[in-house]
Amino acid sequence: MNSSRHEGKSARQLAWELIYEVDHSSTFSNLEVPKALSNSNLDARDKALVTNLVYGTLRMRAFLDGAIKPHLDRKLESVDLKVLTTLRLGAYQFLILHTPAHAAVNETVDLAKIVCGKSAASFVNAVMRRITEHPEYDPVTLSEKYSHPEWIITAFRDCLKDDDLVKAQLESDNAIALPTLVSWPHLSSHQELLDAGAEKIPNSLNAFTFKGNPGDIPAIRERRAGVQDLGSQLVVEKFVATQTSGEELRWLDLCAGPGGKAAYLEALVSKGEMIANEPAPARAKLLSQVLKRAKILSFDGREMPEELGEFDRILIDAPCTGIGALRRRPEVRWRRQPSDLRALVQLQRELLNSAARRLNVGGVIGYSTCSPHIAETKMQVSDFLRSHSNFRRVNVGEGADRDGDLQLWTYRDGTDCMFLSLLERVN
C-alpha cells in the first residue's frame, strides 16, 4: 500500500480507506496503520481516532454485522463492500464509541458521499437512522457478542477448559493494545526510549509500551529498536537462555521474516555464527533492513541445503493460524479458516523434521507459534517426540506449564498467546 495516498484525508476517511484496503489484501492492519499515520498530516488526537476506528471496526465485525442485519432490506452478503464498510464504521462509532446518534448518522452519511457516491449515501442514511432508533441490539451467541468465529472460540475452550477463562480471553482480544517496543541491546538504550516517552514494562528485560505512533521515535525509525509484543520477546529470551555463558554456537532462525525475532536474537547473541532464513524472497529483503551481522539466506526450510552443515540452536517461529495475536491483528480472525489448519500443521511437522536432521547432539530446537491451538502446539510437540526418541523437552523455566512449555495468554499475561517448546537432541 502506498501510504502517501492517504495524505490530506480526514480521520474517518483515512480509517475507512485502511479498513477497506486491509479487507482487500493480505496486509495486516498493525503494519499498515502506522505507515499511513506517519504519512498523514493529522494531529495526535485524530491519529488516535484513526487507530481506534480501524482496529475496532475490524475487531468487532461480527457484532456490528449482527446489529446491521435487522435494518437491511436485503441480505448482508449482497451489500457492496464499500457500503458495508461505511455502515460498519458508523455502527462502531454509535454502538461501541457511543457517539451521539445525530453525529454518528451525519458523519457516516458525509463519508458515504465521498467513498460510495450520493445514491449509496441515501441507503446508508436510512440504515444508520434505523440503527440509532433501535440501539438495543443484544447478541445471542458468544460469536456475535465477542466477535470471534465459532471455531476460534472452540479452540480456546479446548485449551482452557473453562468458559469463564474463554470469555476472559475473548474480552482481552477485543481490548485496545498499546504498541510494545523492544530495545535491542548495543543498538539502543532504555534511557533513549524513556526519553522518547515510552514506559518500561515491569519485570521485562527490554520491553516498553508507547502511547503513540512508534514511527515518531528516532530509534525505531533508524532500526535500532523494534516494535514487538512482549510474548515474542519472551520466546527469544528463553531460547537464548539455553546457551551457557561464553559458548560460541551456530544459530539458525529457520523462518525469520519479517525479522522481529531474528533482530532481537541477533542483539542478544554476541558470539558465534547466526544465519537467518526466509523462504519468500521479498520478505528476505526485509531482513537486511534490521539485521546487522547475520547471514541472510532464502530457501525452503523443509529441505535445507547440505552445505549449511549442522547447527547448535534452531529457532522455528512456525507459520501458523496466528489466532494468538487477534488484539493486534484483528482481521486474522476473519481471514483464517478452519480449513487452513491441516496444511499449516503439515508444514510445521515438516519444518520440525528438517531441523531435527540438522541439529548437533546437545543442540536445541525452539519451536514457537503465535497460536494456542492444540493442533499447532501440544499435539505437534507430542507427535514430534514420539517419532524422535533422541529428543527430549527442556523446561523453559519461569512461566512453564506442567509439561515444561511456555503458553502465554492475553487475559493472564498481557501478551499475545505465544507458545514455545524447547526440544533438545540427546544422542
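When a residue number appears, it is its place in the shown sequence, counting from 1.
- In this structure, the side chains of Leu230 and Asp416 stay at 4.5 Å or more apart for every pair of heavy atoms.
- Between Phe391 and His388, the ring-plane angle classifies as perpendicular under the 30° and 60° cut-offs.
- Separating the CD atom in Glu32 from the CD atom in Glu331 is a distance of 9.5 Å, to the nearest 0.5 Å.
- The ring-ring contact (aromatic ring centres under 6.0 Å, His included) contacts involving residues 316-364 comprise nothing, where partners must be two or more places apart or lie in separate chains.
- A donor and an acceptor atom, one from each side chain of Arg313 and Gln243, are nowhere located under 3.5 Å apart.
- No side-chain heavy atom of Val235 sits less than 4.5 Å from a side-chain heavy atom of Phe419.
- Judged by distance alone, the side chains of Tyr92 and Asn52 do bring a donor and an acceptor atom under 3.5 Å apart.
- Remark: Lys271 does not engage Glu248 in a salt bridge, criterion side-chain N to carboxylate O under 4.0 Å.
- Put simply, CG on Leu53 and CD1 on Ile19 are 6.5 Å apart, with the number rounded to the nearest 0.5 Å.
- Residue pairs satisfying the salt bridge (charged side-chain N to carboxylate O under 4.0 Å, His left out) criterion with at least one member in residues 371-388, sequence neighbours excluded, are listed as follows: Lys378-Asp401, Lys378-Asp403, Lys378-Asp405, Asp383-Arg386.
- Residues satisfying the side chain to side chain donor-acceptor pair (under 3.5 Å) test with Asp216, not counting sequence neighbours, are none.
- In this structure, a donor-acceptor pair under 3.5 Å is present between the side chains of Thr86 and Trp16.
- The existence of a salt bridge linking Lys261 and Asp317 is confirmed by a sub-4.0 Å separation between a basic side-chain nitrogen and an acidic carboxylate oxygen.
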Verdict with reasoning, Glu222 to Leu187, per side chain to side chain contact (heavy atoms under 4.5 Å, CB included)
CA-CA 10 Å; Glu222 296 162 8; Leu187 297 175; over 6 Å; no

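- In this structure, OG in Ser421 is found 10.0 Å from CG in Leu406, a value given to the nearest 0.5 Å.
- Looking only at atom types and distance, the side chain of Thr51 has no donor-acceptor partner in the side chain of Lys47 under 3.5 Å away.
- Distance check: His148 NE2 to Thr141 OG1 gives 12.5 Å after rounding to the nearest 0.5 Å.
- Taking the six-membered ring where the residue is Trp, the centroids of Tyr367 and Phe384 are separated by 6.0 Å or more.
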One pair to check against side chain to side chain donor-acceptor pair (under 3.5 Å): Arg329 and Asn30. What are the steps and the verdict?
CA-CA 6 Å; Arg329 292 181 169 182; Asn30 68 317; 3.3 Å; yes

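- Side-chain contact annotation: Glu144 with Tyr137, donor-acceptor N/O pair under 3.5 Å present.
- A distance of 12.0 Å separates CG of Leu64 from NZ of Lys69, quoted to the nearest 0.5 Å.
- Glu398 has no carboxylate O lying under 4.0 Å from a charged side-chain N of Lys238, or vice versa, which leaves the two without a salt bridge.
- Taking the side chain to side chain donor-acceptor pair (under 3.5 Å) definition, one finds that Asn277 meets it with nothing, sequence neighbours left out.
- Aromatic ring centres of His190 and Phe208 lie closer together than 6.0 Å.
- Side chains of Thr85 and Lys82 form no contact here, defined as non-hydrogen atoms less than 4.5 Å apart.
- Panel note: side chain Asn360, backbone Gly363; no donor-acceptor pair is recorded below 3.5 Å.
- A ring-ring contact (aromatic ring centres under 6.0 Å, His included) check over residues 254-285, counting only residues at least two apart or in different chains, returns nothing.
- Evaluated for a side-chain contact (heavy atoms from CB on, under 4.5 Å) with Leu423, the options Ile314, Leu385, Val364, Val394 yield exactly one hit, Leu385.
- Residue pairs that meet the ring-ring contact (aromatic ring centres under 6.0 Å, His included) test with at least one member in residues 226-250, sequence neighbours left out, are Phe239-Trp251.
- We find that Lys75 and Glu77 are not joined by a salt bridge, their nearest charged nitrogen and carboxylate oxygen being 4.0 Å or further apart.
- Of all heavy-atom pairs spanning Ala62 and Ser147, the tightest one is N-OG, 3.0 Å.
- In this structure, Phe94 has its ring center no closer than 6.0 Å to that of His98.
- Below 30°, between 30° and 60°, or above 60°: for Trp151 and His373 the angle between ring planes is between 30° and 60°, a tilted geometry.
- Heavy atoms only, all atoms of each residue included: Gln233 and Leu181 are closest at NE2-O, 3.3 Å.
- The closest side-chain donor-acceptor pair between Gln169 and Thr410 falls under 3.5 angstrom.
- Ion pairing between Glu310 and Arg250 fails under the 4.0 Å rule for side-chain N and carboxylate O.
- For the pair Val396 and Leu420, the tightest heavy-atom approach, listed with the atom from each and the gap, is CG1-O, 4.0 Å.
- Of the charged side-chain nitrogens involved, at least one lies within less than 4.0 Å of a carboxylate oxygen, so that Arg61 and Asp23 count as a salt-bridged pair.
- The environment of Lys200 atom NZ is dense: over 12 non-hydrogen atoms of other residues, nucleotides or ligands sit within 6.0 angstrom.
- A pairwise comparison of heavy atoms in Asp312 and Leu249 identifies OD2-CA, 3.4 Å as the closest pair.
- Between Arg328 and Thr180, the side chains place a donor N or O and an acceptor N or O closer than 3.5 Å (distance only, hydrogens not considered).
- Residues Ala355 and Ile316 share a closest heavy-atom pair of CB-CD1, 3.7 Å.
- The shortest distance between side-chain heavy atoms of Asp340 and Gln337 falls below 4.5 Å.
- The two atoms that bring Leu287 and Ala256 nearest to each other are CD2-O, 3.6 Å, heavy atoms only.
- Residues Trp184 and His186 are not in side-chain contact: their nearest non-hydrogen atoms beyond the backbone lie 4.5 Å or more apart.
- Using modelled atom types and a 3.5 Å distance limit, the side chains of Ser25 and Thr27 yield a donor-acceptor pair.
- A salt bridge links Glu107 with Arg12: the closest approach of a Lys/Arg side-chain nitrogen to an acidic carboxylate oxygen falls below 4.0 angstrom.
- The pair Arg302-Asp300 meets the salt-bridge criterion, since a charged nitrogen lies less than 4.0 angstrom from a carboxylate oxygen.
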